[in-house]
Structure formats: structure tokens, C-alpha cells
Amino acid sequence: MPPPNPIQLQPPSPPSRIPTALSLLRSFLAVAIFLLAIAPILFHDTSVHRGERQFEGNLRVPRKDGAAAGGSKSSPVTKRVEYYLNETNAFGLDYNDLASPSSNVNIQLPRDIGSAGRALLTHALQPRAIWDEDINYATESQRCAKYFTYENHVTNFTHYNNQTRTTRRRIFLGSLIADDSWHALGALAMESYGIYTAVAFVESNRSQTGTPRELRFVNGTIEHRILVEGGLFGPRTEVHLDQYSYELEVDGGGLIREHRQRNVILDLWRKAGMKEDDIGILSDADETLTRDFLRAIQMCDIPQLNADTQNCHSPKIVVASQVFEGSPECMTVTRKWMHPDLMLGKCIEGIGEEEFRLKERQRQRAFAWRKDEYAAKTNYKSWPKDKKTYPLWNLADYRRDTGGFEIFFEDVDYLPFRMGHTGFHFHNYFETTEQLRTKYLTYGHPVKSADRMAIGSIHPDLDLMVDCVLGRDTEKNKHKTHSKRLAEFEGRIPIAYQLKGYSVARHLELRTILLNDEMGHNGTWHETDKAKEGKNAAAT
């Protein structure tokens, strides 16, 4: 069955006009400006990264000195021809029209997520058929042949054996959740709709640094009804949510607080009925496997997912995720994010056999990752040789690099090494700049004084996002973004971004948020002392 048609967000038809000499002159000038604008693109070398030029569809905003990042003078706001827009319209469609009234969603939506967010969430909450649920031998065989990993510089592809695999493996998702944007959560839900057996979220009343925060997904709130009760992840997918609270001092700081919180996911997985031959995906709430790869791990013959032969020496599969910085139109092309992570329940603490669980003294500290002598990177040199299975993995092992993993890619023809992405990372999505500053001030790898800095000065990823959204040159950024519109990208894109009109609407809303930020948008990370110190250290 083909996928359901997305909500069609067609712009209203413009009123008919009789051409005049003045209108014809304006049209001629517009065409001339357009040709001048795209000439560099037409002659640009379209390399694999194609990140030397910034996406051409946004509005260029110069820095404080009146010059754009590339050094050329420009007016305060120069409209690019591709969009034909003003400050509030996308393709002639007002933001308020994006939230379609023709839906079956009876849940009240948050008021502070913008019209683009409401349109996405409205579509994500629509009850619909699971179009790819039936097993078809030819489809599964073709799918499995696309996925591979590298072992000892040899390409290893998976395959589908219809003689041994006639039912889909069950998958359980586990994630921490806090102030994650509905743009990210909605995209995650749409990508995985109807696939997961159960989804487990854990929310804490404190951030990783121990900073108090108000619980968001309390029973009875709009947020709880959408996430847990609204069928967001599918008609048969159970959604479990637990609130974590620990008020004592944490031995080991923020990362250990995070791992203590993650440990609750194991309790929720057990409650949902996870077994040894099921798959557990450990993720953050802004990460997901592509839908096609989710279907692949359910059906393909992958050694890491064979419960009969898996001995937990190297059980982890790492997903190579395509990164989107704040906007669907700010897709990075010079890096991949190596999460989420997944493995069989057989190798997970609390699911696998207890005799293979590590003792606390064999870990760095309680709830922490294992000591090196009990890890694959040392070939488990201190693990008893007579044990048939290597030690089980807790969720700190799961998330960290302790060895014992393989990275999986999709075979694609638009990259020289054919290593296409198998997941998506919706990074730095937010509704207000206050939320973003709070994240960088109080969560993992906190940035001191983030609450008093321009967004682009806080972190190189935010620097890239600001330059992308405001149409600046990204040549000096640590990473690069795709040089074309998302619609022109050859690779796999999120299902949510196929919602007509959404990608551009989110991009323009984000632009408005950044331009209205009271601390301005002139600061850049690559001009900070920290960035310069890093460059000097690298040079020596």
C-alpha cells in the first residue's frame, strides 16, 4: 500500500492582473536580478559536500558592520528571488493557514510552537494506516541489499532470507526527554509511526548540571496528552513515561546524573515486555533511524541481531545520522552524527541473563560505563574466559564508545564511498532563543554565560545554524550546509519534511525568531577567543 498523501498546503491563487508597461519592466528587472543571483551556482563545482555555498532560498542579513559574511556590501535585508516572500508569508501562504482545520485530531495543541509546528503536529497526530506493514519478499530483499558496514576495509552487505525470517523483529525505543521541540518530536513520530512495540521516555526535574526545571509532561497537561495518549507513535504502540527525581549530590557529576536517569528506561522496557530477541534502540528525543532502516533491522539477516549466535562481544549497531541544524533547510554535509545506538535485548542489563551482569566494582562507578578491562577495546581481558557470553551492557555502555560496535550505512550512488545516512538528528530545534540558551547553559557540556551571549557565539553548531538561516556565507564555519534547497537533495529525507510547505515555513519562522532576539545576531563562534585558541592549538 503506498504511503498516505501528506496534507497539501497549496498557496492561494493570486488575483489576475492586466500587464502594464511598469509591471513588464519590473518583471524584466526581476529576471535580470535572478540570473545574476544564480550565476555563481550554475558554475559552481558540485562536489560531494557541496558545502562551499550556502542554501540560496533564505534571506541574507548582514553583520553589524553592514557587510555580509562574505565581505560584500548589501542592504539590511536582501530578498532572494526563489521565494517571492515577505516577512510573514511562505509561497504566498500565511503561517496561520498552515495548521490545517481538515483533520481528525481532537487534542488541543500547544499555543507557543508556531504555525509551522502546529501543521507538523496536526499531521503527526492524524490516525492513518501503516502502509508498509505487510511483508513482501521482493521488497525486503531489495531493502536488505542496500545496508552495509565496513569490517577490515571490506564492505559487508546484509541480506534477507525468507526461509528463516517470516515475522518482523519487535523494536523498543528508549529516550530521555526534557524541553525538546515538537518540531523534533513530531518528525521522530512520523518517521517511526506504527513500527515500535513500545516507546519509553524519562523526564527529570533537574538538568544534567543539577539545575531545577519544571516537569513538562505531567499527567493531565496538553504535552502529556499529545505524547502519551494521542496515538502519536501509532495505533498499537505503547508509550510509557516516567518522571525521575534525585535530590542528593551525584558522584561523578552531570554525565552520571544522565546515566542514572537513563537507567529508568530499562525498567520501562521490562514493563513493556521486552525479551532477549527484541531490539532496544537508545536515543535522544531529537534522533531517529530512517524508516527504511527501521524496517531493515526488523527483517534483514544482520549478525548483531541474531539471538542464536550473538555472544555480546560486539553487539552494538551505530546509526550514521544526517544532521539538521535548527531548520530542515540547514542540513550539514561535512559530518554525520553517530547515534542512535541499538542492540538485542539478550545483551542488555535487565533483559539478558543475570549471570553476565557486571558488578559495580567492575564499572567506573555506580550507573557508569564499564572499566576498560571489561570492554571490547581490550578484548575483555579481565572477563572470565570460560563464560559463554560477554558482559551485559547497561545504558551508559550503550551510549558511550566502549568498543564492540559496527556503524551501518545505506548504499547510495551520490557519495564517492557510497556511505549514505541511516538516521536523522534534528539538532538545536527550539521555539524561543531563551529555550536554546537554557539548553546550552544547563545541559551536557554547558557553556558558561550562554544566557548572555549572542546565539551564534555560544557554539560552532549554533554559529552554522545562524549563518544558514540568515543567508550568510558559511566558509569560516566548522561545518558546512548543503548548497541547495532540501527539495533538491538526492538522498533520503525525513517523512515529516515531505509535508508540503513545512520545510520553508519552519525556516522562515526560525529566521524571524533569530532576528527578534534581544541579544542580536551579530556574534559568531569562529571569531571568539575559544575558537581562535582551538585553531592555534591545531596548528601546533
Side-chain angles (χ1 to χ4, degrees), residues 1-4 6 120-121 123-136 139-140 142-144 146-147 158 160 165-175 177 184-201 226-241 265 268-269 272-275 277-302 304-305 317 319-322 339-345 348 408 410 421-426 492-499:
M1 182 182 296
L120 176 66
L121 204 50
H123 189 71
L125 287 165
Q126 291 270 14
R128 54 201 184 275
I130 305 170
W131 72 90
D132 57 352
E133 190 169 33
D134 294 340
I135 297 174
N136 178 281
T139 300
E140 303 300 340
Q142 292 173 5
R143 174 182 288 128
C144 293
K146 293 185 298 185
Y147 292 100
T158 65
Y160 170 60
R165 173 58 59 183
T166 57
T167 59
R168 298 189 184 277
R169 297 181 181 96
R170 299 197 306 170
I171 307 178
F172 294 70
L173 175 68
S175 173
I177 194 167
L185 294 170
L188 161 65
M190 288 181 67
E191 198 69 25
S192 59
Y193 186 83
I195 290 182
Y196 293 127
T197 297
V199 176
F201 289 111
I226 294 172
L227 185 72
V228 179
E229 306 165 37
L232 187 65
F233 289 89
R236 298 188 299 273
T237 299
E238 299 176 13
V239 179
H240 299 262
L241 173 70
I265 293 172
L268 297 180
W269 278 350
M274 187 176 183
K275 305 297 183 184
D277 58 352
D278 295 327
I279 298 172
I281 296 178
L282 184 64
S283 173
D284 280 347
D286 58 357
E287 304 164 351
T288 182
L289 280 68
T290 66
R291 187 176 188 89
D292 197 71
F293 192 45
L294 279 168
R295 287 306 193 194
I297 64 173
Q298 286 186 308
M299 298 300 295
C300 301
D301 289 342
I302 300 174
Q304 289 86 348
L305 302 180
I317 290 177
V319 176
S321 291
Q322 177 66 62
H339 293 297
D341 311 282
L342 61 106
M343 70 178 67
L344 280 179
I348 301 173
F408 271 72
E410 180 177 6
H421 56 273
T422 47
F424 301 115
H425 183 28
F426 309 109
R492 195 180 297 279
I493 67 172
I495 291 173
Y497 294 175
Q498 299 170 40
L499 175 62

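Computed from heavy atoms alone, side chains included, the values below leave out hydrogens, waters and symmetry copies.
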Seminar exercise, completed: In this structure, CD of Gln298 is separated from CD1 of Ile195 (nearest 0.5 Å) by 5.5 Å

Problem set entry | Partner of Leu268 by side-chain contact (heavy atoms from CB on, under 4.5 Å), out of His240, Glu238, Met274 | His240

For this session: Work out which heavy atom in Pro494 is nearest to a heavy atom in Phe424; give both atom names and the distance.
Result: N-CZ, 3.5 Å

Problem set entry | Asp301 side chain reached by Cys144 side chain, heavy atoms, under 4.5 Å | no

For this session: Using the six-membered ring wherever Trp is involved, compare the ring planes of Phe201 and Phe233 and label them parallel, tilted or perpendicular (cut-offs 30° and 60°).
Result: tilted

Exercise. Any donor and acceptor pair, going by atom type alone, linking the side chain of Arg165 with main-chain N or O of Cys300 inside 3.5 Å?
Worked result: no

For this session: Indicate the atoms forming the closest heavy-atom contact of Thr288 with Ser321, along with that distance.
Result: O-OG, 4.3 Å

Problem set entry | Ionic contact status for Arg143 with Asp292, cut-off 4.0 Å | yes

Exercise. Considering all heavy atoms of both residues, which atom of Tyr193 and which atom of Gly231 are nearest to each other, and what is their separation?
Worked result: CE1-O, 3.7 Å

Exercise. Side chain of Trp269, backbone of Leu173: donor and acceptor closer than 3.5 Å?
Worked result: yes

Exercise. Quick one: NE2 on His421 to CG on Leu289, what's the gap to the nearest 0.5 Å?
Worked result: 11.5 Å

For this session: Indicate the atoms forming the closest heavy-atom contact of Leu227 with Val239, along with that distance.
Result: O-CG1, 3.5 Å

Problem set entry | Worked check of side chain to side chain contact (heavy atoms under 4.5 Å, CB included) between Leu232 and Leu125 | CA-CA 5 Å; Leu232 187 65; Leu125 287 165; 3.7 Å; yes

For this session: For side chain to side chain contact (heavy atoms under 4.5 Å, CB included), just list the numbers for Ile279 and Leu344, CA-CA rounded to whole Å, side-chain angles, deciding distance to a tenth of an Å, and then say yes or no.
Result: CA-CA 5 Å; Ile279 298 172; Leu344 280 179; 4.3 Å; yes

Exercise. How many angstroms lie between atom CG of Leu185 and atom CG of Asp286, to the nearest 0.5 angstrom?
Worked result: 8.5 Å

For this session: Output yes when Arg492 and Glu191 qualify as a salt bridge under the 4.0 Å nitrogen-oxygen rule, no when they do not.
Result: no

For this session: Output the distance between atom NZ (Lys146) and atom OG1 (Thr422), rounded to the nearest 0.5 Å.
Result: 12.0 Å

Exercise. At their closest point, which heavy atom of Pro340 faces which heavy atom of Ile281, and how far apart are they?
Worked result: CB-CG2, 3.9 Å

Exercise. In Å, rounded to the nearest 0.5 Å, how long is the span from OG1 of Thr237 to CD1 of Ile130?
Worked result: 6.5 Å

Problem set entry | Atom of Glu140, atom of Arg168 and distance for their closest heavy-atom approach | OE2-NH2, 3.1 Å

Exercise. Hey, what do you get for OG1 (Thr290) to CZ (Arg295), rounding to the nearest 0.5 Å?
Worked result: 11.5 Å

